[in-house]
Asker: 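Here it is, the structure in full.
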Amino acid sequence: MSRYIATRAIRGANSIVNEFDSLLARALAERGPDLPLAFPNTAYSLPLILAITGQTVDKLGDLQPVLDTARQLLRPAPPDRRWTPYLGETLDAGMATLLAEEAIEAVRFAYDQQPEALPGFRLAGGTAFTNPEFQTNGDGHLNGPIDDIQLRTWGIQLVDGRMPGFAAIVGCAKSNEVAVKIVRELQRRNILTFLSGNVNGRSIIHQLMEAGVELGYDTYTVPFGTDTISAIYALGFAARSALTFGGMKGGQARDILLYNKNRVFAFVLALGEVDDLKYATAAGAINFGFPVIADTVIPEILPSGVTPYEHVVSMPFNLIEGADDLQRAERLVQKCIEVRGVKVKLAEVPVPVPYGSAFEGEVVRKADMRIEFGGKHSKCFEFLRMASFEAVEDGQVTVVGPSFADQPAAAAMDLGVVVEVAGRKMQKDFEPVLERQIHHFVNGASGVQHIGQRDITWIRLSQAAAGKGFDLKHFGAILHARFHADFGAIVDKVQVTIYTETAAFEAWLAQARAAYAERNVRLGNMTDESVEEFYSCTLCQSFAPNHVCIVTPERLGLCGAYNWLDCKASFQINPTGPNQPIKKSITLDPQKGYWAGTNEFLENASHQQVNEVAVYSIMENPMTACGCFECIAMVIPEANGVMIVSREDTSMTPAGMTFSTLAGVAGGGLQTPGIMGHGKFYLLSPKFISADGGFKRVVWMSSILKSQMAEQLQKVAEREGDPHLIEKICDERSATDAEGLVAFVTAKGHPALGMPPLL
Ligand code: SF4
Ligand code: ZN
């Protein structure tokens, strides 16, 4: 351990803890100990403090013991004569720094000083918060902490590898150009990027803002604040990952730090001069196993017990070999990835625009649009089908009809995308599975926005992308590259034909529609009884080590991303992967959904944590949940039914908890009778909690679900023999407590009231 670093980190820690001390004293004097403290929209109060100390802070007075803990972790700076200060002292100082930083941000929130105001700044998507209550913060404010909803959304991408890790950038790059290059290099690899800090008042956030880079959740770049303290939000995010997906509890500090070290591929990139506070904060990050890479000259810290790689790496920017600054920036990012061992999967996609998942959420506004396909003014469809080896010429992309070159700006035209694939392991059943990927694949191109699927596809192309030469044939190039890269195990040849010529377009559209209809029937006819095997999904075990989803034709995975066919295809692609067939074997109880095969599989795959699951019940041995469920179902005994809360709903519910709080109860891979995470579409299944009375038990449902699935829910109501059932289901607009709910369902004559008691 370098004495220099220890000295500076300990000095920085002492001064930030003193700052915390005086801020706390001032706030106590001004506002009193009962001043409420919270970060918006999280169930984990002040997450880092909760994770490390086990203490829930919800008012100012609760910070006193946090201050005491921080003080205990501090040691005096090492005296000059000692040449080997312990790593432990520096790490402790780092931890004290993090506690102080989080506390300071919480007090600033109470004083309305967070998220930080930055005039002229606009977050991509206009908001930092999925919660409408906070959405006004989008303009003129930076992001501040990440809310739980976004954490869960990214959770699934972190587990399925779409997002390999995160980078916390602190400081200011050599130039705006370098700042942009660094962020683009990270985006290209789908690495989530957190931005904070400054050097002499100038932050990388200012640099990116000046360069017109869109920052926000949609582009995987989160501007926390222009001071170093705001970097605490990155570590709060890391702490919450362990609490959310690792099933850990506050206070399990060691486990939480180890979890991050082993499973979260993150690093800190310090740009520009490193001051005492940055050293202290970096020491805090090293506790999580996150190495620090600096682009200036600082002493390095070599591997020790905490991590098998260097803790601190110095890579002075001007000394990096490279033809110019851009190449140096690229190599700097490359070095960060190597040091932390981030596993990056990159498909080389031959298009003239940047390409990667980080661009998937990009929006193309009407004013920036070159052309659109589908939407209000034209038609667009995409259709993937299997063909014989002879019929497919791999890599061939044909455009039938005119391109958009002659169209005026912002025009609309018809477009049909037909993908034909051949492969020895390809099956007709996989057509819809592969077709659904087109959305992700096409969206990955910067400047292309893709919405919908089948014949309601809607694609927009930006002027910037068209200006760089993006043309119709590039849709084919993307699909060819990505199907090979991601589905090479079942797809050997891919050919794409793009239709804009009217007669051909119409003919193919008719053919595609016939195929969609046929698929609907096939899927609709598939029941749990009609198959011999279900599939497991253990993808989330990298975050929730004991959780297993059992996916059946009539019950999809709780994240909504994997149905039975997806799992079947995934097993073909990767026979030793997370989706394994589960032979049902002996049926033990067809009503509740017990099979010898599912129980046995579960016991093994959950590492003996769970030995039985009733696939169709919420009351008895319900399926466990990781953290990425789309909905939570919970029994409301007063109404003799269940409520369904959508992840997108942030209002209070009749259970007395919001989605975020409920998620803490439902997740973590534990079985909790009466509460269960599930996928949205499971609601429509005849097997939805069928052991407990089925869909008729639903007495309350987030209104967003009612509107998103209005048509399908109406069909369910008819299937259940009560065409007015949906109107009888309460939502947050009518009641957010049990009393109001009971009054509502009583007045409407909801059938659940007449059903056998749930408890
Ligand atoms: Fe995770 Fe279940 Fe979705 Fe698989 S199906 S990714 S285990 S939530
Ligand atoms: Zn999950």
Side-chain angles (χ1 to χ4, degrees), residues 148-164 190 241-242 244-247 263-264 345 357 432-433 436-437 440 486 528 533-582 593 598 601-607 609-610 613 615 618 622-633 644-648 659 662-672 675-683 685 687-688:
D148 282 354
I149 300 177
Q150 193 58 46
L151 171 80
R152 283 170 199 288
T153 306
W154 276 333
I156 179 82
Q157 302 188 24
L158 282 164
V159 299
D160 71 13
R162 263 182 287 160
M163 188 182 272
N190 310 322
S241 301
T244 307
F245 303 110
R263 293 173 191 264
V264 179
K345 275 197 303 206
S357 307
V433 175
R436 217 145 31 96
Q437 302 299 320
H440 291 298
D486 294 28
D528 290 359
E533 46 196 28
F534 296 155
Y535 281 89
S536 65
C537 187
T538 49
L539 200 55
C540 284
Q541 286 200 346
S542 55
F543 279 101
N546 301 320
H547 168 69
V548 186
C549 271
I550 292 177
V551 181
T552 78
E554 293 180 274
R555 182 169 186 173
L556 79 171
L558 53 84
C559 57
Y562 292 85
N563 66 27
W564 186 83
L565 275 179
D566 294 314
C567 294
K568 190 175 174 199
S570 148
F571 173 65
Q572 291 295 324
I573 295 164
N574 181 5
T576 55
N579 303 109
Q580 293 294 319
I582 307 175
T598 47
F601 186 95
L602 189 72
E603 181 156 15
N604 272 319
S606 73
H607 313 104
Q609 296 306 300
V610 183
V613 61
V615 178
I618 185 176
M623 205 175 293
T624 60
C626 40
C628 22
F629 30 75
E630 290 182 293
C631 300
I632 297 172
I644 312 293
V645 194
S646 158
R647 168 208 289 266
E648 289 135 309
F659 182 92
L662 282 165
V665 185
L670 305 171
Q671 237 173 9
T672 323
I675 181 162
M676 181 179 86
H678 64 85
K680 236 180 237 180
F681 287 102
Y682 181 44
L683 277 173
S685 162
K687 294 291 193 328
F688 174 71

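The chain is numbered in sequence order, starting from 1. One-based numbering, in listed order, for ligands and for the atoms of each. All figures in this text were calculated on a predicted structure; none of them were measured in a lab.
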Asker: Can you tell me which portion of C626 lies within the under-4.0 Å heavy-atom range of ligand 1? Options are side chain, backbone, both, or neither.
Answerer: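 The part of C626 near ligand 1 is the side chain, not the backbone.
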
Asker: List the residues meeting side chain to side chain contact (heavy atoms under 4.5 Å, CB included) with Q572, not counting sequence neighbours, and say none if there are none.
Answerer: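 Partners of Q572 under the side chain to side chain contact (heavy atoms under 4.5 Å, CB included) test: K425, Q427, F430, I490.
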
Asker: With heavy-atom distances below 4.0 Å as the criterion, list the atoms of ligand 1 near L558.
Answerer: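 Checking each atom against L558, I get 8 (S).
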
Asker: Which of the listed options, G669, C628, C537, G679, holds the heavy atom that is closest to atom 5 (S) of ligand 1?
Answerer: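 Minimum heavy-atom distance to atom 5 (S) of ligand 1 goes to C537.
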
Asker: Strictly below 4.0 Å, N to O, side chains only: are R555 and D528 in salt-bridge contact?
Answerer: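 Looking at R555 and D528, the cut-off is not met.
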
Asker: Just jot down the ligand 1 atoms closer than 4.0 angstrom to any heavy atom of G557, in number order.
Answerer: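 Per the distance check, 5 (S).
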
Asker: Who pairs with K680 by side chain to side chain donor-acceptor pair (under 3.5 Å), at least two apart in sequence or on another chain?
Answerer: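 Only Q708 meet the side chain to side chain donor-acceptor pair (under 3.5 Å) criterion with K680.
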
Asker: Show the numbers, then the answer: is there a side chain to side chain contact (heavy atoms under 4.5 Å, CB included) between H547 and V610?
Answerer: CA-CA 9 Å; H547 168 69; V610 183; over 6 Å; no

Asker: Once you measure the plane-to-plane angle for Y535 and F571, does it fall in the parallel (<30°), tilted (30-60°) or perpendicular (>60°) bin?
Answerer: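 Rings of Y535 and F571: tilted, as their planes differ by 30° to 60°.
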
Asker: Restricting to N/O/S atoms, is C540 within less than 2.8 Å of atom 1 (Fe) of ligand 1 or not?
Answerer: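 Short answer: yes, at least one N, O or S atom is under the cut-off.
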
